[in-house]
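Structure first, commentary second.
Just so you know, these numbers come straight off a predicted model, no measurement behind them. Protein chains get the first letters and strands the later ones, always in sequence-line order, with residue 1 at the start of each.
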Amino acid sequence: MLDARYLRENLDTVEARLKSRGEGVNIALFRELDGRRRELLQQSETLKALRNKVTEEISRLKDKSQGDERKLQMREVSQQIKGIDESLKAVEEELQAFLLTVPNIPHPTTPLGKSELDNVVVRTWGDEPELNFAPKPHWEIGEQLGILDFERGAKLAGARFTLYRGAGARLERALINFMLDLHTEQHKYIEMLPPFMVNRECMTGTGQLPKFEEDLFHLEGVDFFLIPTAEVPVTNIHRGEILKGSELPISYVAHTPCFRKEAGSYGKDTRGLIRQHQFNKVELVKFTAPDRSYEELQILLGHAEEVLRRLNIRYRVVELCTGDIGFSSAKTFDIEVWLPGQNCYREISSCSCFEDFQARRAGIRFRPEEKAKPEFVHTLNGSGLAVGRTVVAVLENYQQADGSVLIPEALRPYMGGLERIS
RNA sequence: GGAGAGCUGGCCGAGUAGGUCGAAGGCGCUCGCCUGCUAAGCGAGUAUACUGGGAAACCGGUAUCGAGGGUUCGAAUCCCUCGCUCUCCGCCA
């Protein structure tokens with residue numbers, strides 16, 4: 001959410017910069033609501049000041065009957081206040097509803113562009129595997145090895161659900177443990193295991209609501225949502241809190257399943273593990289002081305990249321353009337992993353700086369100094385990594401001519417020493 | 001699911017025959033004094049948001065005692081609804 005006061009004072013700039021996302025802002029609506037709000041607020045507060053004053057006078061009267069006349073007047077005033085406050089509440093709700101649908105302002109360095117076609121490749125790491133045969137897509141490898149069962153996954157739940165079997169299930173679990181150990185032991189993140197369903201406040205805090213409700217699974221009977229990413233519960237850990245400046249940056253890592261309806265992506269990536277309704281992800285989340293956030297973004301990105309380096313899988317880092325960054329993001333780098341079976345790069349991580357956008361929605365602040373005024377923190381997060389897609393990358397990059405798959409060395413300790421799935 | 005207790009400032013904790021309570025007191029913290037150092041001691045200060053004025057320092061107003069509503073001239077204090085925490089019983093992984 002943008003700061004109403006900032007918006008009031010910088011309407012034109014904000015409008016121009018949101019335009020680069022391909023988003024229009026209803027400036028006239030904002031002006032009107034904001035103006036009406038302040039007008040009503042002043043009316044209400046003036047009357048309340050009067051009432052408080054008279055009320056205090058009444059309380060000081062020794063002869064109680066003397067106050068009767070003023071009580072009658074104040075009854076009138078209270079009625080007026082009530083009426084004004086009702087209008088005020090309505091206006092504030094409208095204003096809030098409006099502000100919650102305005103996306104974040106892209107960082108000035110975020111490349112201008114309309115779609116993913118305008119994203120910028122920042123760097124590429126690693127080599128393509130030398131495969132002197134026609135590489136297969138992971139769904140063929142997985143089915144032939146009997147470690148991925150798409151048909152039975154569909155039987156259990158439906159399309160976009162997969163049953164992992166044997167070494168496949170183990171591989172998923174190995175990757176989760178490998179990533180968590182890397183981030184906690186080497187990168188010094190604190191491991192968290194949050195609830196997998198959250199309330200509406202959390203979803204609003206990180207920006208999924210109110211605009212993207214159709215992408216979320218909602219439970220029947222209770223107002224809970226299944227989390228689409230650990231970003232939601234983990235960022236909301238500090239919702240409504242004032243942190244100490246000295247404890248920043250705070251770095252959390254969490255593995256959770258993620259649940260997404262994938263509405264609007266019918267027919268896309270229908271084969272294999274790429275686009276599932278449920279998938280595992282290891283997520284990195286940081287809370288930082290505003291002046292450190294972009295440094296921390298580079299660090300966080302590096303931590304996510306490190307997973308693929310250790311697995312020795314080729315990837316590239318892409319900087320998303322203004323037209324492609326997410327609703328809450330000011331700047332985003334995607335990590336795209338090379339998939340020989342599909343002869344393309346696929347997103348495996350998305351690392352973003354949200355500046356104070358989520359912090360303002362969720363009320364996450366810090367005191368720079370012991371007695372200083374609280375300021376909003378900056379929040380960041382990135383996948384470190386999407387586990388299902390990492391399985392895809394391992395299967396496709398480590399496949400052998402005979403249909404077996406080598407286990408990357410870094411993973412072998414997590415696979416009970418297994419060197420090859422065959 | 002049943003019965004009960006509770007939710008006050010960074011923390012602990014007063015405060016119900018409604019009035020001067022943003023809220024005693026303590027701890028913590030900050031600054032100053034004192035003191036070879038530290039500790040102890042002494043003094044002062046120590047919430048947040050919105051809003052008006054001001055270049056600013058700052059000054060004023062309003063709101064906030066889990067959340068929302070009600071009664072009242074006036075509510076931390078009374079009434080209602082909801083949330084959360086805790087204890088006991090039942091059920092269950």
Side-chain angles (χ1 to χ4, degrees), chain A residues 1-10 30-100 193-205 209 219 221-225 233 236-248 250 257 287 356-377:
Chain A
M1 186 166 62
L2 304 182
D3 181 15
R5 209 176 329 173
Y6 176 82
L7 190 54
R8 189 186 301 151
E9 286 158 14
N10 303 277
F30 172 77
R31 276 222 171 88
E32 199 215 319
L33 291 174
D34 183 57
R36 256 173 48 211
R37 170 178 173 268
R38 281 189 294 164
E39 198 179 304
L40 288 167
L41 190 65
Q42 279 173 50
Q43 287 176 18
S44 169
E45 290 189 347
T46 305
L47 289 176
K48 281 175 184 166
L50 172 69
R51 184 180 67 186
N52 286 347
K53 203 179 124 212
V54 175
T55 283
E56 200 199 314
E57 285 167 14
I58 292 173
S59 75
R60 275 198 302 237
L61 289 177
K62 285 171 189 158
D63 180 356
K64 286 161 203 158
S65 63
Q66 278 186 330
D68 288 353
E69 184 189 336
R70 277 183 273 194
K71 281 185 192 174
L72 275 172
Q73 286 171 359
M74 286 308 108
R75 182 180 299 180
E76 195 65 31
V77 168
S78 280
Q79 283 308 313
Q80 281 181 45
I81 291 173
K82 204 171 172 184
I84 294 168
D85 279 352
E86 271 166 24
S87 316
L88 180 63
K89 195 179 165 192
V91 170
E92 282 186 331
E93 277 169 5
E94 249 186 285
L95 188 63
Q96 185 72 358
F98 165 78
L99 287 172
L100 285 174
L193 181 56
F196 301 159
M197 47 182 101
V198 297
N199 56 33
R200 208 164 265 280
E201 288 70 46
C202 288
M203 287 295 184
T204 307
L209 291 180
L219 300 205
V222 279
D223 200 13
F224 290 149
F225 296 88
N236 277 281
I237 287 171
H238 295 300
R239 177 156 49 90
E241 295 184 8
I242 300 175
L243 305 167
K244 285 182 192 158
S246 57
E247 59 187 337
L248 300 179
I250 295 173
F287 302 82
D356 63 8
F357 187 84
Q358 294 181 325
R360 181 171 289 110
R361 289 176 159 241
I364 308 169
R365 293 176 292 171
F366 78 108
R367 266 183 232 282
E369 303 292 336
E370 196 71 52
K371 293 191 66 184
K373 272 224 165 67
E375 292 176 34
F376 289 111
V377 299

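Ranking C50(B), A49(B), G74(B) by closeness to the Lys373(A) side chain, first place goes to A49(B). Side-chain atoms of Arg5(A) lie closest to U51(B) of the nucleotides U48(B), G19(B), U51(B).
The gap from the C1' atom of C21(B) to that of C31(B) amounts to 28 Å, rounded to the nearest Å. Taking atom C1' in both A55(B) and G61(B), the straight-line distance is 22 Å, to the nearest Å. Using atom P as the reference point in both C91(B) and U72(B), the two lie 49 Å apart (nearest Å). Using P as the reference atom, A47(B) and G22(B) are 15 Å apart when rounded to the nearest Å. Spacing of C1' atoms, U81(B) relative to U71(B), comes out at 15 Å, to the nearest Å. Taking atom C1' in both G1(B) and G15(B), the straight-line distance is 36 Å, to the nearest Å. Between A3(B) and G74(B), the two P atoms lie 36 Å apart (nearest whole Å). A distance of about 15 Å separates the P atoms of C82(B) and G4(B), rounded to the whole Å.
A distance of 6.0 Å separates CG in Leu2(A) from CG in Leu7(A), rounded to the nearest 0.5 Å. Rounding to the nearest 0.5 angstrom, the gap separating the CG atom in Asp3(A) from the CD atom in Glu9(A) is 8.5 Å. Here CZ of Phe287(A) is found 6.5 Å from CD1 of Ile250(A). Values are rounded to the nearest 0.5 Å.
One interatomic measurement links the two molecules: CD of Glu201(A) to C1' of C84(B), which rounds to 13 Å at whole-angstrom precision. We find that CG of Leu99(A) is positioned 13 Å from P of C50(B), with the value rounded to whole Å. Taking atom CD of residue Gln80(A) and atom P of nucleotide C73(B), one finds them 15 Å apart after rounding to whole Å. Rounded to whole Å, the distance from CD on Gln96(A) to C1' on C50(B) is 13 Å. Ile242(A) places its CD1 atom 12 Å from the P atom of G9(B), with the value rounded to the nearest Å. In this structure, CD of Gln73(A) is placed 17 Å from C1' of U72(B), rounded to the nearest angstrom. Here the P atom of nucleotide G18(B) and the CD1 atom of Ile58(A) are 17 Å apart, to the nearest Å. We find that CD1 of Ile81(A) is positioned 13 Å from P of C73(B), with the value rounded to whole Å.
Between Glu201(A) and Thr204(A), every side-chain heavy-atom pair lies at or beyond the 4.5 Å cut-off. Counting only heavy atoms from C-beta outward, the side chains of Arg365(A) and Val377(A) never approach each other to under 4.5 Å. Side-chain contact between Val54(A) and Gln73(A): absent, with no pair of heavy atoms (C-beta onward) separated by less than 4.5 Å.
A sub-4.0 Å separation between OP1 or OP2 of G19(B) and a side-chain N or O of Arg60(A) is absent.
When the salt bridge (Lys or Arg N to Asp or Glu O under 4.0 Å) test is applied to Glu32(A), the partners found at least two apart in sequence or on another chain are Arg36(A). For Arg200(A), the salt bridge (Lys or Arg N to Asp or Glu O under 4.0 Å) partners two or more places apart in sequence, or in a different chain, are Glu213(A), Asp223(A). Listed by chain and number, the residues in a salt bridge (Lys or Arg N to Asp or Glu O under 4.0 Å) with Arg367(A) amount to none (sequence neighbours excluded). By the side chain to side chain donor-acceptor pair (under 3.5 Å) test, Glu241(A) is found to be paired with His238(A), residues two or more places apart in sequence or in another chain being considered. Applying the side chain to side chain donor-acceptor pair (under 3.5 Å) rule to Arg70(A) yields the partners Glu57(A); only residues at least two apart in sequence or on another chain are considered.
Within residues 357-368 of chain A, the residues approaching RNA chain B are Arg365(A), Arg367(A), by heavy-atom distance under 4.0 Å.
The closest donor-acceptor contact from the side chain of Glu247(A) to the backbone of Lys244(A) lies under 3.5 Å. With hydrogens and angles ignored, the 3.5 Å screen pairs a side-chain donor or acceptor of Asn10(A) with a backbone N or O of Tyr6(A). Between the side chain of Asp356(A) and the main chain of Phe376(A), no donor-acceptor pair closer than 3.5 Å is present.
Between Pro374(A) and Glu56(A), the one whose closest nucleotide on RNA chain B sits nearer the 5' end is Glu56(A).
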Can you give the donor-acceptor pairs under 3.5 Å from side chains of residues 88-99 of chain A to other protein atoms, not counting sequence neighbours?
{"unit_1": "Glu92(A)", "atom_1": "OE2", "unit_2": "Arg37(A)", "atom_2": "NE", "d": "2.9"}

I'd like a table of donor-acceptor pairs (distance under 3.5 Å, sequence neighbours excluded) in which one partner is a side-chain atom from residues 78-85 of chain A, with atom names and distances.
{"unit_1": "Ser78(A)", "atom_1": "OG", "unit_2": "Arg51(A)", "atom_2": "NH1", "d": "3.1"}
{"unit_1": "Ser78(A)", "atom_1": "OG", "unit_2": "Met74(A)", "atom_2": "O", "d": "3.3"}
{"unit_1": "Asp85(A)", "atom_1": "OD1", "unit_2": "Ser44(A)", "atom_2": "OG", "d": "2.8"}
{"unit_1": "Asp85(A)", "atom_1": "OD2", "unit_2": "Lys48(A)", "atom_2": "NZ", "d": "3.3"}

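Counting non-hydrogen atoms under 4.0 angstrom, Arg75(A) reaches the backbone sugars and phosphates but no base.
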* Structure fact -> Read 5' to 3' with Watson-Crick or G-U pairs under 3.5 Å, [ ] for crossing pairs and | for partners on another strand, RNA chain B gives ((((((((.[[[..)...(.....]]]((((((.......))))))(((((((....))))))).[[[[[..)....]]]]])))))))....

Between the protein and nucleotides 52-57 of chain B, which nitrogen or oxygen pairs come in under 3.5 angstrom?
{"unit_1": "G52(B)", "atom_1": "OP1", "unit_2": "Arg38(A)", "atom_2": "NH1", "d": "3.3"}

Nucleotide N/O of nucleotides 67-70 of chain B paired with protein N/O under 3.5 Å:
{"unit_1": "G69(B)", "atom_1": "OP1", "unit_2": "Lys89(A)", "atom_2": "NZ", "d": "3.4"}

Distances under 3.5 Å between nitrogen or oxygen atoms of protein and nucleotides 59-62 of chain B:
{"unit_1": "G61(B)", "atom_1": "N2", "unit_2": "Glu45(A)", "atom_2": "OE1", "d": "3.0"}
{"unit_1": "G61(B)", "atom_1": "N2", "unit_2": "Glu45(A)", "atom_2": "OE2", "d": "3.2"}
{"unit_1": "U62(B)", "atom_1": "OP1", "unit_2": "Asn52(A)", "atom_2": "ND2", "d": "3.2"}

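The pair Glu56(A)-Arg60(A) counts as a salt bridge, with a side-chain nitrogen and a carboxylate oxygen less than 4.0 angstrom apart.
Counting non-hydrogen atoms of other residues, nucleotides and ligands closer than 6.0 Å to CZ of Arg8(A) gives a total above 12.
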